[in-house]
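Everything on this sheet refers to the single structure shown next.
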Number of protein chains: 2
Amino acid sequence: MMPDLDDIDRRLIAILQQDGRRSFKDISEETGVPASSVRYRVQRLEETGTLQIVGVADPLRIGFDRLALIGLKCEIGKARQVCEELSKRAETSYVVLTTGPFDVMVEVVCRDVAHYTEFLHEVLPTVDGIVHTETFFVLEAYKLAYGWGVGDSGTPTPPAEA
Amino acid sequence: MMPDLDDIDRRLIAILQQDGRRSFKDISEETGVPASSVRYRVQRLEETGTLQIVGVADPLRIGFDRLALIGLKCEIGKARQVCEELSKRAETSYVVLTTGPFDVMVEVVCRDVAHYTEFLHEVLPTVDGIVHTETFFVLEAYKLAYGWGVGDSGTPTPPAEA
DNA sequence: AATGAAATTTAAACCAT
DNA sequence: ATGGTTTAAATTTCATT
């Protein structure tokens with residue numbers, strides 16, 4: 001994997017977080033690190049999975065009008081397998097195991113209410129171990145720091161600031 | 001703003017979601033759209049806020065071990081300004097206005113529990129309009145937005161420990 | 001708005017340290 | 001792992017439709 005990051009790595013990440021297409025030469029000039037080293041390091045960061053440079057689309061602007069967070073309560077001992085199952089679904093963009101009143105929190109990205117309804121009433125019931133759900137519809141997204149996976153070709157996708 | 005996206009826009013987005021540094025010439029060859037048009041469109045998508053090309057670092061690999069979701073209840077009419085304020089903070093990676101028991105849901109990325117504690121007890125109280133908070137610590141992240149291993153229907157993301 | 005072709009800049013490959 | 005050099009490739013600008 002990746003040992004630890006040094007200061008240069010952190011600066012490179014910080015710069016690319018703001019603009020993923022900044023040229024290596026630009027970055028070189030800003031940091032004083034030779035362009036070839038910038039290139040070498042960024043490549044390594046990508047190879048180790050530490051950094052990914054991706055296009056992040058705002059779902060609300062590309063036809064996915066219904067974002068929702070769903071809190072799940074699960075049967076004892078089944079939360080992890082629920083996470084595994086839900087992670088496989090294209091509709092989910094975020095699946096985490098949590099402490100607190102909910103065992104699992106999921107974000108789903110749907111085209112419309114009908115799509116969401118189908119997910120809630122047709123898909124979720126097929127997942128073993130879920131005992132209760134509570135939905136928080138997203139009315140406005142102020143800060144979305146991640147992207148959603150690409151759907152099949154031609155299907156719109158992901159998120160940014162809204 | 002942006003009118004609606006056509007099929008070409010969607011293809012460009014889908015390609016850049018997988019690799020934000022794909023050259024416009026490459027994309028041109030894959031899609032049959034002239035390189036200058038690819039550039040023209042991508043620029044428009046960025047200018048309108050539909051697409052952002054950014055470096056996304058895995059928080060768990062760069063020293064941010066504590067992810068948490070926080071549900072907020074706000075004073076009537078103040079939820080939006082709470083969102084605005086929280087979006088400005090570096091600790092937040094996700095800020096949305098929601099329906100349901102919480103008015104706002106926030107994700108924070110912290111270095112450790114002390115960092116989280118400071119956010120909860122020092123930062124949040126300075127934001128006007130918040131009346132109640134409820135924290136869900138993320139124990140394990142199964143699928144984080146930008147999905148490592150983006151693909152069509154959800155390549156299961158390696159459960160990242162939180 | 002969208003394209004094509006030019007000049008300019010950048011990235012990739014290579015090699016040495 | 002870094003830094004320099006060269007060659008091939010991509011980006012940008014600008015003119016055209």
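Proteins come first, then strands; the chains are lettered A, B, ... in the order of their sequence lines, and each starts at number 1.
The nearest whole Å value for the distance from the CZ atom in A:Arg41 to the C1' atom in C:dA12 is 19 Å. Rounded to whole Å, the distance from CZ on B:Arg44 to C1' on C:dA1 is 9 Å. In this structure, B:Leu12 places its CG atom 16 Å from P of C:dA1, rounding to the nearest Å. Atom CG in A:Asp26 sits roughly 13 Å away from atom C1' in C:dA11 (whole-Å rounding). One can place CD of B:Glu30 at 14 Å from P of D:dA10, the figure rounded to the nearest angstrom. Atom CZ of A:Phe24 and atom P of C:dA13 are 12 Å apart (whole Å). Computed from coordinates, the B:Ile27 CD1 to D:dA10 C1' distance equals 12 Å when rounded to whole Å.
When only modelled atom types and interatomic distance are considered, A:Tyr142 and B:Thr92 share no side-chain donor-acceptor pair under 3.5 Å.
Applying the 4.0 Å criterion to OP1 and OP2 of D:dA10, one finds that B:Lys25 has a side-chain N or O inside that range. Taking 4.0 angstrom as the limit, B:Tyr40 places none of its side-chain polar atoms (N or O) nearer than this to OP1 or OP2 of C:dT3. For the pair B:Arg39 and D:dA10, the criterion of a side-chain N or O lying under 4.0 Å from OP1 or OP2 is not met.
Under a 4.0 Å N-O distance rule, the pair A:Lys25/A:Glu29 qualifies as a salt bridge.
Geometric assessment of A:Lys143 against the ring of B:Tyr94 yields a negative cation-pi assignment under the 6.0 Å and 45° thresholds.
In terms of position along DNA chain D, the nucleotide closest to A:Ser37 lies nearer the 5' end than the nucleotide closest to the other residue of the pair A:Ser37 and A:Arg21.
B:Ser23 comes within 4.0 angstrom of sugar-phosphate atoms only, judged by non-hydrogen atoms across all strands, and of no base.
Note: A:Phe136 and B:Phe102 have parallel aromatic rings, judged against thresholds of 30 and 60 degrees for the angle between ring planes.
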